[in-house]
Trainee: 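Structure provided below as structure tokens; questions to follow.
All values derive from a computational prediction rather than experimental measurement. Just so you know, ligand 1 is whichever comes first in the structure, and atom 1 is the first atom listed for that ligand.
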Amino acid sequence: MTFSDDFTYESRPGRVVFRPGAAVAATPGEAEHLGLSRLLVVCGSRGETVARAVADALGASCAGLHAEARMHVPVEDADRAVEAARAVGADGVVAVGGGSSIGLGKAIALRTGLPLIAVPSTYSGSEMTPVWGLTENGVKRTGRDPKVQPRSVVYDPELTVSLPVPLTVTSGINALAHAVEALYAPDTSPLIALMAEEGVRAMTEALPRLAADPADLEARGQALYAAWLCGSCLGSTTMGLHHKLCHALGGTYGLPHAETHTVVLPYALAYNGPEIPGALTVLRRALGTDDPSHALWELTGRLGAPRSLAELGLKEADVAEAAVQVAGQPYANPRPVTADGVRALLRAAHEGRQP
Ligand code: NAD
């Protein structure tokens, strides 16, 4: 964007504390800061050890532990979590884990208005957004509500060390996608562009370091810093074709979340390329390249991430139907979204050929 364009920027309340090696010890302080004394801790089965440590650190302020978070927040899981919060008389929720755990915490906040504290263990960025998601009868609905935006976020790079390299890379690219789409969103602004550029730079610098040494705590910290910036971009802007495509591929065809973002991003960027000169200038600077979509495709391939939708389980026969579904929805995108255009994009992504 230029300063001939108008923009609106709305800051979102929320506190971020970055505590390398000390998320567990820092969480009770965040509860106290918010005046909360009966917290329900939610997590998925894999994050239970850390969540239990958080629950222990909360001591008498922990009202219970609910370790039932699953991908895409099925509505019946949300119902059970709300019941659990009500049964223990919770006055707040702490979500420990990836986007799925934070999503379950948000589902409780949406229904009950209880304040949420997030302790993320991936780079999904959900902790920085007022976006919730719920899945019912195989259809995922999403929406925005300030109630679900975590009041406090505790970032600790040590919680992400256990992320295997493939998930590190795909989760990192999921974060990058938020920054890329924010650069050409209808509600972008100079501050968002600044965060997006720095988020892309920091994440693409951290990921090769982490692929080489997943225990590199400094690089883990850099990736989490990037996830914070990219998540903030998602929280403040309206997403376009890339996110809609990933949403459809995940919701209707069951493709895995972060992996789908990773495969689709270079193609969505190439599709929008002719209409987004300003965003491309920023991305060229952040990535140190003339061709951002090719650079992203090359980076993910080099780091061993999946490159094609076929690898993720999309059938060739589903491409045409998915294209019609995505082209048929009204949403803001810099280049008109046609069924033919999306079909060509999806065909290339299905094969994994150079964008
Ligand atoms: P996830 O939370 O489902 O985690 C993926 C897998 O990694 C799970 O098996 C989990 O147990 C495991 N895991 C998590 N942290 C780990 C760690 N530190 N070490 C080892 N394993 C770990 O995946 P995600 O990509 O973080 O989140 C995806 C979900 O979040 C999707 O449902 C997506 O729609 C949602 N999301 C929402 C927003 C938003 O703003 N609302 C933003 C991004 C993603």
Side-chain angles (χ1 to χ4, degrees), residues 12 14 23 42-51 53-54 67-75 77-78 95-107 109-110 116 118-135 139-150 153 155-179 181-182 210 214-215 217 220 223-224 227-228 230-239 242-251 254-262 265 305:
R12 303 198 170 274
V42 301
C43 64
S45 54
R46 259 204 248 175
E48 199 170 336
T49 311
V50 179
V54 168
E68 293 186 23
R70 290 185 298 158
M71 196 78 145
H72 301 311
V73 197
V75 78
D77 289 18
V96 180
S100 298
S101 299
I102 296 169
L104 186 61
K106 285 178 166 181
L110 183 68
L116 175 63
V119 186
S121 68
T122 69
Y123 309 129
S124 82
S126 176
E127 67 281 357
M128 294 311 300
T129 83
V131 180
W132 54 264
L134 282 169
T135 304
V139 179
K140 187 164 174 175
R141 283 184 297 129
T142 60
R144 283 177 180 257
D145 192 318
K147 278 207 292 280
V148 311
Q149 172 117 18
V153 177
Y155 281 122
D156 177 355
E158 280 194 15
L159 299 189
T160 62
V161 170
S162 52
L163 271 178
V165 168
L167 192 52
T168 297
V169 173
T170 54
S171 186
I173 304 289
N174 181 195
L176 277 190
H178 309 329
E181 289 233 287
L210 290 171
L217 277 174
R220 287 284 177 197
L224 211 45
W228 166 36
C230 295
S232 302
C233 290
L234 171 67
S236 292
T237 55
T238 308
M239 295 288 111
H242 170 81
H243 279 75
K244 301 295 170 194
L245 262 174
C246 292
H247 199 146
L249 293 171
L255 266 57
H257 181 82
E259 291 85 342
T260 304
H261 274 271
T262 302
L265 184 61

Trainee: Looking at atom 10 (C) of ligand 1, tell me if a protein heavy atom falls under 4.0 Å from it.
Mentor: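 There is no protein heavy atom less than 4.0 Å from atom 10 (C) of ligand 1.
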
Trainee: Below a 4.0 angstrom heavy-atom separation, can you tell me which part of Leu167, side chain or backbone, both or neither, approaches ligand 1?
Mentor: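 Side chain only.
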
Trainee: If you measure every N/O of His72 against every N/O of ligand 1, is any gap under 3.5 Å?
Mentor: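 There is such a contact, yes.
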
Trainee: Might you work through the side-chain contact (heavy atoms from CB on, under 4.5 Å) test for Leu234 and Met128, ending with a clear yes or no?
Mentor: CA-CA 8 Å; Leu234 171 67; Met128 294 311 300; over 6 Å; no

Trainee: Short N/O distance, under 3.5 Å, between Ser100 and ligand 1?
Mentor: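 Yes, since at least one N or O of Ser100 sits under 3.5 Å from an N or O of ligand 1.
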
Trainee: If you measure from CD on Glu158 to CG on Leu217, what distance do you get to the nearest 0.5 Å?
Mentor: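 One gets 5.5 Å once the value is rounded to the nearest 0.5 Å.
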
Trainee: Could you see which bit of Met71 sits under 4.0 Å from ligand 1, with heavy atoms only: side chain, backbone, both or neither?
Mentor: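 Under 4.0 Å from ligand 1, Met71 contributes side-chain atoms alone.
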
Trainee: Can you tell which part of Leu163 has a heavy atom less than 4.0 Å from ligand 1: side chain, backbone, both or neither?
Mentor: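 For Leu163, the contact with ligand 1 is made by both the backbone and the side chain.
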
Trainee: Checking a contact table here: which protein heavy atom is nearest atom 40 (O) of ligand 1, and how many Å away?
Mentor: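 Answer, as residue, atom name and distance: Thr129 OG1, 2.6 Å.
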
Trainee: Could an N or O of ligand 1 be found under 3.5 Å from any N or O of Val131, whether backbone or side chain?
Mentor: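 Val131 vs ligand 1: N/O contact under 3.5 Å present.
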
Trainee: Is the His257 ring parallel, tilted or perpendicular to the His72 ring (thresholds 30°, 60°)?
Mentor: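 Judged by the thresholds at 30° and 60°, the geometry between His257 and His72 is perpendicular.
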
Trainee: Answer with yes or no whether His247 contacts ligand 1, where contact means a heavy atom under 4.0 Å from a ligand atom.
Mentor: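 Outside the 4.0 Å threshold, so no.
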
Trainee: Taking heavy atoms and a distance under 4.0 Å, where does Thr142 meet ligand 1: side chain, backbone, both or neither?
Mentor: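 Under 4.0 Å from ligand 1, Thr142 contributes no heavy atoms.
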
Trainee: Quick test: of every protein heavy atom, which one is nearest to atom 15 (N) of ligand 1, and how far off is it to 0.1 Å?
Mentor: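 So the nearest neighbour among protein heavy atoms is Ser121 OG, 2.7 Å.
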
Trainee: Can you find a non-hydrogen atom of Lys140 under 4.0 Å from ligand 1?
Mentor: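 Lys140: in contact with ligand 1 (<4.0 Å).
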
Trainee: Looking only at N/O atoms, are Thr160 and ligand 1 under 3.5 Å apart anywhere?
Mentor: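 N/O-N/O distance below 3.5 Å does not exist for this pair.
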
Trainee: Hey, does Leu159 come in under 3.5 Å of ligand 1, counting only N/O atoms on both sides?
Mentor: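 Yes, Leu159 has an N/O under 3.5 Å of an N/O on ligand 1.
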
Trainee: Are His243 and His261 linked by a side-chain donor-acceptor pair shorter than 3.5 Å?
Mentor: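 There is no such pair between these side chains.
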
Trainee: For atom 24 (P) of ligand 1, what is the nearest protein heavy atom, given as residue, atom name and distance?
Mentor: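 So the nearest neighbour among protein heavy atoms is Gly99 N, 3.6 Å.
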
Trainee: Tell me whether His178 contacts the main-chain N or O of Ser124 through its side chain, where contact means a donor paired with an acceptor under 3.5 Å.
Mentor: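 Between the backbone of Ser124 and the side chain of His178 there is a qualifying donor-acceptor contact (under 3.5 Å).
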
Trainee: Between ligand 1 and His178, is the shortest N or O to N or O distance under 3.5 Å?
Mentor: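 In fact, backbone or side chain, His178 has no N or O that close.
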
Trainee: In the structure I gave you, are the side-chain heavy atoms of Asp156 and Val119 within less than 4.5 Å of one another anywhere?
Mentor: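 A side-chain contact under 4.5 Å is absent here.
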
Trainee: Just jot down the ligand 1 atoms closer than 4.0 angstrom to any heavy atom of Leu234, in number order.
Mentor: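 It comes down to these atoms of ligand 1: 40 (O), 42 (C).
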
Trainee: At less than 4.0 angstrom from any non-hydrogen atom of Thr122, what atoms of ligand 1 do you find?
Mentor: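 Per the distance check, 14 (C), 15 (N), 26 (O).
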
